[in-house]
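Treat the numbers as computed from the prediction; the structure is a model and nothing was measured.
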Amino acid sequence: QVQLVESGGGLVQAGGSLRLSCEASGPTFSSYALAWFRQAPGKEREFVAAFSWSGRSTYYADSVKGRFTISRDNAKNMVYLQMNSLKPEDTAVYYCGAVKAIVQAMGIPRPESYDYWGQGTQVTVSS
């Protein structure tokens, strides 16, 4: 069983930066596909960024490409999301997801592909 805890959210002005962290307790992260999703009020959970099961591939939503960077530290069981040039439309609760499985590329952006979720961290970007 993996437990995920996100941190690093907060209030930031448009154009600013935040770094989100997701810490996992339990087995090592090294064989897990890891992802960040976000959910704004009244909207469905939306894919943001992900690592493949092998850790060799990364995926990004078009809306964050070039602004956000996902990284991981398997030794520390940590995954990060560096968010730069933030926009008001980035405002949401950000969730870390994980699954110990090989997820095909078309499944990476789908929340149902992930078995474990954290409680989320709020990111608010003011204009």
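- The side-chain contact (heavy atoms from CB on, under 4.5 Å) test with Cys22 is passed by exactly one of Asn77, Val79, Leu81: Val79.
- Membership of the apolar cluster around Met78 extends to Tyr80, as traced through chained side-chain contacts below 4.5 Å between ILVMFWY residues.
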Run the side chain to side chain contact (heavy atoms under 4.5 Å, CB included) test on Leu86 and Phe68 for me, step by step, so that the C-alpha distance in whole Å, both residues' side-chain angles and the decisive distance to 0.1 Å come before the verdict.
CA-CA 9 Å; Leu86 282 161; Phe68 291 11; 3.8 Å; yes
Going by atom type alone, with no hydrogens or angles, which donor-acceptor pairs under 3.5 Å involve a side-chain atom of residues 50-60 and a protein atom two or more places apart or on another chain?
| residue | atom | partner | partner atom | Å |
| --- | --- | --- | --- | --- |
| Ser52 | OG | Ser54 | OG | 3.1 |
| Ser52 | OG | Gly55 | N | 3.3 |
| Ser52 | OG | Ser57 | N | 3.2 |
| Trp53 | NE1 | Ser31 | O | 2.9 |
| Ser54 | OG | Arg56 | N | 3.1 |
| Tyr60 | OH | Ile70 | N | 2.9 |

Side chain to side chain contact (heavy atoms under 4.5 Å, CB included) between Leu20 and Arg38: does it pass, once the steps are laid out?
CA-CA 12 Å; Leu20 305 184; Arg38 65 188 181 187; over 6 Å; no
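- Of all heavy-atom pairs spanning Pro88 and Ser127, the tightest one is CG-CB, 3.9 Å.
- One distance of note links CD of Gln3 with OG of Ser25; it measures 4.0 Å at 0.5 Å rounding.
- For residues 8-23, the set of pairs meeting the side chain to side chain donor-acceptor pair (under 3.5 Å) definition, not counting sequence neighbours, comprises Ser17-Asn84.
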Atom pairs and distances, side-chain donor-acceptor, residues 95-109, under 3.5 Å, sequence neighbours left out:
none

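- Residue pairs that meet the salt bridge (charged side-chain N to carboxylate O under 4.0 Å, His left out) test with at least one member in residues 68-89, sequence neighbours left out, do not exist here.
- Considering CG of Leu34 and CG of Leu4, their distance stands at 8.0 Å, rounded to 0.5 Å.
- Checked against side chain to side chain donor-acceptor pair (under 3.5 Å), Thr124 has the following partners two or more places apart in sequence or in another chain: Gln122.
- Classified by interplanar angle (parallel below 30°, tilted 30° to 60°, perpendicular above 60°), the ring pair Tyr114/Phe37 is perpendicular.
- Between the side chain of Gln39 and the backbone N or O of Ala92, no donor-acceptor pair lies under 3.5 Å.
- Heavy atoms only, all atoms of each residue included: Leu18 and Gly8 are closest at CD2-O, 3.8 Å.
- Trp36 places none of its side-chain heavy atoms less than 4.5 Å from the side chain of Met83.
- The number of heavy-atom neighbours closer than 6.0 Å to NZ of Lys43, taken from other residues, nucleotides and ligands shown, is 12 or below.
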